[in-house]
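The next block holds one structure in the form of structure tokens; read it before the comments.
Keep in mind that this is a model prediction, so the values were computed, not measured.
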Amino acid sequence: MQIRVTLVALALAASSVLGARELCGTQISDADLKAAEAHFTANKVSAKASLVPATVDVYFHVIQAGTTLANGNVPATQVQAQIDVLNEDFASTGLSFRLRNTTRTTNSGWFNNAGPNTSQQTAMKNALRQGGAAALNIYTVGFRSAATDGLLGYATFPSSYSSAPRDDGVVALYSSLPGGTATNFNLGRTITHEVGHWVGLYHTFQGGCSGSGDQVSDTPAEASFATGCPIGRDTCSSAGVDPIHNFMDYTDDACMSEFTTGQTTRLTSQLATYRGI
């Protein structure tokens, strides 16, 4: 059984609260989530706690429109800083990340127009993707088309790999890397968030206040995504304030600081089931 995950760029208008941010373009419909979770339950591989922590090979693809930083030509120091942030943020999960290769491609069409389900992103991934299901491919672009202006990133879920292996990976705004110019989102947590999807996690606000939400029991229910860093925000009547510090919410980079034990259990099983990690 193949699960089709729909990635849709959020069409949020810029506001004084969100700035030019259109947040995360990784979305899954209720029907696709139900099918994905049924498949996961039927085929689940539980990772053994005694296993040595896993190292994920990363292939980093810098897409640029020109030779300047403003055109996406991020230096190697920023690429390595992003890998360092991933290792810091995922340390509690037992996952680590190793940069295997960095490619640099000058293609203004890809840089400006790549986005969820576009022909440009498909051509980009078909040309550049390396490795198999266990390899993390990260692409940095500009998101400068009308449909993606302000988007921070998007990713694919593990359950989608077998049906669309070349599409697998993370696409992120180049200026969201550590030291970038994306105000409030330049500490590298955009890629942490998108890699969270790549290892099988949903948004903390998935499903709102009802149902099984993000499929993790120790992330309190949240009616909608949080922005900024609203300490004490509590949008659902169930126990616990909103998990605004979780990497899978939409808060500012400086506000994000954790994955939960339940998220670690889920991601390790997702990786074992769908990526052979």
Side-chain angles (χ1 to χ4, degrees), residues 1-10 23-48 51 54-59 86 90 93-95 97 115-118 121-122 124-126 129-139 153-172 190-208 211-219 246-249 259-277:
M1 176 182 181
Q2 307 297 337
I3 306 301
R4 180 179 178 271
V5 176
T6 303
L7 301 174
V8 182
L10 299 180
L23 310 176
C24 170
T26 310
Q27 305 295 316
I28 183 169
S29 69
D30 290 342
D32 282 344
L33 186 149
K34 183 177 180 180
E37 291 308 304
H39 186 269
F40 181 44
T41 298
N43 296 277
K44 184 182 295 186
V45 175
S46 296
K48 297 180 180 178
L51 291 179
T55 299
V56 175
D57 286 337
V58 180
Y59 296 90
L86 283 175
F90 279 88
T93 73
L95 276 185
F97 300 85
N117 301 316
T118 64
Q121 77 103 33
T122 299
M124 175 182 73
K125 290 179 175 180
N126 283 341
R129 194 186 187 284
Q130 300 179 50
L136 170 60
N137 283 253
I138 299 174
Y139 308 80
Y154 62 97
T156 56
F157 292 107
S159 57
S160 298
Y161 179 81
S162 62
S163 61
R166 300 297 299 179
D167 191 51
D168 188 65
V170 165
V171 183
T190 289
I191 287 181
T192 294
H193 177 101
E194 299 305 337
V195 172
H197 291 310
W198 187 83
V199 299
L201 301 180
Y202 297 125
H203 291 132
T204 53
F205 50 86
Q206 182 74 42
S212 53
D214 65 352
Q215 311 296 315
V216 177
S217 61
D218 62 357
T219 53
N246 198 281
F247 291 120
M248 301 313 294
D249 205 341
F259 290 112
T260 66
T261 300
Q263 285 175 314
T264 296
T265 298
R266 177 178 171 82
L267 73 84
T268 54
S269 188
Q270 281 269 314
L271 290 175
T273 302
Y274 295 113
R275 298 197 183 279
I277 299 175

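- The stretch residues 261-277 participates, sequence neighbours left out, in these salt bridge (Lys or Arg N to Asp or Glu O under 4.0 Å) pairs: Glu37-Arg266, Asp168-Arg275.
- A distance of 9.0 Å separates CG of Asn126 from CD of Gln121, quoted to the nearest 0.5 Å.
- Taking 4.5 Å as the limit, some side-chain heavy atom of Trp198 sits within range of a side-chain heavy atom of Val56.
- With sequence neighbours excluded, the residues forming a side-chain hydrogen bond (donor to acceptor under 3.5 Å, both in side chains) with Gln215 are Ser212, listed by chain and number.
- Ile28 is listed as a side-chain neighbour of Gln206, based on a closest heavy-atom distance under 4.5 Å.
- Tyr154 and Lys125 make their closest contact through CE1-NZ, 4.3 Å (heavy atoms, listed as atom of the first residue, atom of the second, distance).
- No more than 12 heavy-atom neighbours from other residues, nucleotides or ligands sit within 6.0 angstrom of CG on Asp30.
- Two residues are said to be in side-chain contact when any heavy atoms from C-beta on lie closer than 4.5 Å; Asp57 and Gln130 fail this criterion.
- The aromatic rings of His203 and His197 stand perpendicular to each other, their planes meeting at an angle above 60°, with 30° marking the opposite boundary.
- The aromatic rings of Phe97 and Phe90 stand perpendicular to each other, their planes meeting at an angle above 60°, with 30° marking the opposite boundary.
- Among Asp214, Thr260, Asp249, the one residue that satisfies the side chain to side chain donor-acceptor pair (under 3.5 Å) test with Thr219 is Asp214.
- Using a 4.5 Å cut-off on side-chain heavy atoms (C-beta onward), Val171 and Met124 make contact.
- Applying the salt bridge (Lys or Arg N to Asp or Glu O under 4.0 Å) rule to pairs touching residues 190-208 yields nothing, sequence neighbours excluded.
- Between the side chain of Ser269 and the backbone N or O of Val45 there is at least one donor-acceptor pair closer than 3.5 Å.
- Here the CG atom belonging to Leu201 is positioned 9.5 Å from the NE2 atom belonging to His193, to the nearest 0.5 angstrom.
- Asn246 and Thr204 share no donor-acceptor pair across their side chains, judged by distance under 3.5 Å alone.
- For the pair Tyr59/Arg129, no side-chain contact is recorded, criterion being any heavy-atom separation below 4.5 Å from C-beta on.
- With contacts defined as side-chain heavy-atom distances shorter than 4.5 Å, the pair Gln270/Phe40 qualifies.
- Counting heavy atoms from C-beta outward, Leu95 and Leu271 have side chains that approach closer than 4.5 Å.
- Looking only at distances, a side-chain donor or acceptor of Thr156 sits under 3.5 Å from a matching main-chain atom of Gly169.
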